[in-house]
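Report on one structure; see the data block that follows.
Chain A is the first sequence line, chain B the second, and so forth, proteins listed ahead of strands; every chain is numbered from 1. The structure presented is a predicted model; accordingly, all values stated were derived computationally and were not measured.
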Amino acid sequence: MKILELQKQVDNIKDENFEISNIVFISNVVLEPYLEPCLKMMFAGDEYNIFLKQVLYDDYKSELNDIIFDNCNMFVVFLNFDVLVDDIINIIARGEKNSLQVIEEMYSLCEALYCYLKQNYETTIVWFGFEDYYCQYKNVVGHVSLSGWLVDKINIKLAEMIATEDVLVDTKEMIAEIGINNAYDINSKYRWNAPYSKIFVEEVASEIKKQHKIVNNVTPKCIILDCDNVLWGGILSEDGFGGIHLGRNGLGRPYYDFQRFILTLYYHGVILAVCSKNDLSDVKKVFNEHNEMILKEEYISCFKVNWDNKTENIKEISSDLNIGLSSIVFVDDSLFEIEAVKKFLPEVIAILYDRDSIYNELRCFSLKKDINLQQIQERVTTYTTDLQRKKLRAQHDDFELYLAALEMNIDIHLAKEIEFNRIAELSQRTNKRTIGMRYTLSQIKEKTKKESYKLYSVFVTDKFSNLGLIGALGIDGRVLDLFCVSCRALGRGVEDKMIKVLHEYEIDDMLFKSTEKNEDLKLIIQTVIKK
Amino acid sequence: MDKNILEKICQIVNLNIESEELGIEQIDVDLSLIGMSSIDFIRIVVALEEEFECQIPDSKLLISELNTVLKMYQVFIQCMR
C-alpha cells in the first residue's frame with residue numbers, strides 16, 4: 001500500500017472515544033515514513049489512539065523532552081548497532097580495541113540510557129535488542145561471525161539488566177522471520193538514515209502493539225479445545241483408545257507438538273477447557289492413561305464432553321468459569337462448528353485447527369513472559385472447585401446460610417509491595433466488578449509513594465480452596481480510584497465487605513470508566529459516596 | 001503549471017503538516033515555518049515519489065531545497081521528464 005493511502009486511512013479513523021496512549025520512541029535511526037501510520041492503524045483496531053513522539057538518541061537527556069517523557073505510557077528504544085559503533089570490524093581488526101572493550105562500552109551507553117529512564121520515570125520500557133544482519137562481510141568470509149558474536153554477547157548483558165522489569169525484544173529473530181533480504185532498504189539508509197524496509201517497520205509496529213497489549217493485559221483468558229483431530233489424530237469413538245495418533249513420531253507428532261504449545265499457554269496463565277462430541281469417560285481415559293498425552297486432566301478447568309450442541313456447551317463453559325465470551329478462544333477442526341460459533345457467538349474467537357497455521361492464529365494471545373506457577377495453580381483450582389460451590393449454593397435457599405456453609409474468610413489489609421503485581425493484573429483483567437480503572441505495575445508503585453494513597457489487597461479462602469488475592473481497593477485522599485474483584489469471587493459478598501472499608505474514609509468522588517459490564521457497580525458505589 | 005500536480009502536492013502536504021490547509025494559491029509559503037518537521041519532510045517526499053513514480057536526486061533531499069509547494073512542483077516536474 002502506498003504511504004498516501006495509508007495516511008488517508010489513518011485520517012479516516014474515528015477515534016473520538018478511543019483510549020489515548022503516548023509512546024516515546026528513542027532511536028538513532030529513522031523508521032519513518034511508515035512507523036507512525038502503521039502504529040496508528042494497528043492500534044485503532046483495539047480502539048487506542050496512539051501519539052508517537054520520536055526522540056533522537058543523542059537528545060534523550062534534553063530538558064525539552066521532560067513534558068513528553070512525563071506523559072509517556074511506554075518507552076520504546078531502538079538503537080541501530082551500525083550507527084552506534086562506527087566500523088566495529090575494522091576497529092577490532094587493527095587492534096584499536098578488543099571485543100571485550102567494545103562490549104563494555106556499548107553496554108555502558110545502554111545502561112546510562114536505561115538507568116536514566118528508570119530513575120526518572122515509572123513507565124514500561126520496550127527495548128529492541130541489537131542486530132548485526134546488516135553486515136555485508138558474510139559475502140566474502142561466509143556465514144561466520146567476524147566479531148565473535150559481539151552483538152549477541154551485548155544482547156545477553158542487556159537482557160540481564162532489562163528483562164526482569166521491562167522487555168528486551170529479539171530484533172534478530174524478527175528479521176529472521178521476514179528474511180534478511182527483506183529487512184533493509186539501502187536507498188532509504190543513504191537518503192535519510194532509515195536503513196529498514198517497510199516490511200520490517202511494520203513488524204516493529206506489530207511488536208510494539210503486542211508488547212502494549214501484554215503490559216495492559218489485553219488478551220483472551222481461556223482456550224476451549226476440541227479433541228478429535230485437534231489434541232490427537234483420529235476419532236476416538238471410532239478408532240478407540242489404541243487407534244488415535246499421538247506421540248513423538250509419525251502421524252501423532254503434530255498433535256503432540258500442539259499439546260506442548262497449549263501447555264505453554266497454560267503455564268502463562270491461560271485457562272484450558274475441553275469441548276468435544278465424545279463420551280466423557282473415554283476422553284478422560286485418554287487424558288489420564290495415554291502415555292503420550294502432554295495435557296493431563298489436572299490442567300483442564302472444565303470438560304464439556306457430550307453429544308450436545310457445541311455452541312451451547314461453550315456458553316455453559318463461559319457461565320461455569322465466569323469468563324466472558326469475548327475472553328474465549330475456541331479451536332476445532334470442523335468448519336461447521338467454527339462457522340456455527342462465529343454466527344451464534346460472534347464475541348468468541350473461533351479458530352479452525354490447521355496443522356500449519358494454528359500457531360499463527362494463536363497470536364491473538366498476548367501473554368506476560370513471567371510465570372507464577374503457584375498463582376496459576378490457585379486459579380485453576382478455584383475454577384474446578386467452583387462447581388462444588390455451585391452445588392453447595394443449590395443446597396441452600398438462604399444466601400447467608402450458603403455463605404456460612406462455605407466457611408469463607410475475607411481478609412482485607414493494606415497491600416504489601418509483593419502484592420502490587422497481582423493488583424495491577426487484577427485491575428486490567430476484571431470487567432464486571434470494577435470501576436474500570438486499569439493500572440500497570442509501574443503506575444501502582446507510583447501511586448503508593450504518596451502518603452495520602454491507601455491501597456488494599458483482598459484475600460479470600462473457603463472450605464474448598466484458597467482463592468488468593470482476588471480484589472483490590474485504592475483510595476487517593478477523598479477519591480476512590482481502584483475497586484476491582486475477580487469474577488472468581490463473585491456472588492459471595494466480597495464486594496460488600498470492601499464497601500465497608502470505604503465507609504472508614506470520607507470519600508466524595510470516584511474515578512470511573514465503563515467496561516459495558518460495570519454500570520451496576522457504579523450505582524452501588526455512588527450510593528455509598530452520597531451517604 | 002499543471003493544476004492537478006499542484007493540487008496533489010498540496011493534498012499530500014496537508015495530510016502531513018498540522019496547520020491550516022494550504023491551497024494552490026499558497027505555493028510560496030515556507031513549510032518549515034508552518035510546522036514541517038524533518039519527519040514530515042521524509043513522509044511528504046516518499047509520498048510524492050510514490051504518487052509520481054519517480055525518485056528525486058539525493059542532492060535535492062534538503063528541506064531548504066523543498067520547503068515550498070512551488071519548489072516541490074519544480075523538482076518533481078523535472079524528475080518526471
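The two residues B:Ile56 and A:Arg191 make their nearest non-hydrogen contact at O-NH2, 2.8 Å. When all heavy atoms are compared, the tightest approach of A:Lys8 to B:Gln11 is CE-NE2, 3.2 Å. Minimum interatomic distance between A:Ile3 and B:Ala47 (heavy atoms only, all atoms of both residues): CG2-CA, 3.3 Å.
By number of non-hydrogen pairs under 4.5 angstrom with chain A, the leading residue of B:Ile44, B:Ile42, B:Leu15 is B:Ile42. Taking chain A as the reference chain and counting heavy-atom pairs below 4.5 Å, the highest number among B:Leu48, B:Ile39, B:Asp40 is found for B:Ile39.
In this structure, chain A has a heavy atom under 4.5 Å from the side chain of B:Asn16, while its backbone stays farther away. Contact of B:Lys8 with chain A is made through the side chain alone, with heavy-atom distances under 4.5 Å.
Here the rule is side chain to side chain contact (heavy atoms under 4.5 Å, CB included) with B:Glu50, and of A:Glu5, A:Met1, A:Lys2 only A:Lys2 fits it.
Annotation: side chain of B:Gln55 is in contact with side chain of A:Asn187 (closest heavy-atom distance under 4.5 Å).
For the atom pair B:Arg43 CZ and A:Gln7 CD, the distance stands at 7.0 Å (nearest 0.5 Å). Atoms CD1 and CG, from B:Ile12 and A:Leu4 in turn, are 5.0 Å apart once rounded to the nearest 0.5 Å. The CG atom of A:Asn193 sits 11.0 Å away from the OG atom of B:Ser38 when rounded to the nearest 0.5 Å.
Enclosure of atom OH in A:Tyr190 is not indicated, since only 12 or fewer non-hydrogen atoms of other residues, nucleotides or ligands lie within 6.0 angstrom. Within a 6.0 Å sphere centred on CG of A:Asn139, heavy atoms belonging to other residues, nucleotides or ligands number more than 12. The environment of NZ in A:Lys53 is sparse: at most 12 heavy-atom neighbours from other residues, nucleotides or ligands sit within 6.0 Å. For CD of B:Glu18, the number of neighbouring non-hydrogen atoms (other residues, nucleotides, ligands) closer than 6.0 Å is 12 at most. The neighbour count for B:Lys60 NZ, taken as heavy atoms of other residues, nucleotides or ligands under 6.0 Å away, does not exceed 12. The neighbour count for A:Ile67 CD1, taken as heavy atoms of other residues, nucleotides or ligands under 6.0 Å away, does not exceed 12. The neighbour count for A:Asn181 CG, taken as heavy atoms of other residues, nucleotides or ligands under 6.0 Å away, does not exceed 12. Heavy-atom neighbours of B:Gln78 CD from other residues, nucleotides or ligands within 6.0 Å: at or below the threshold of 12.
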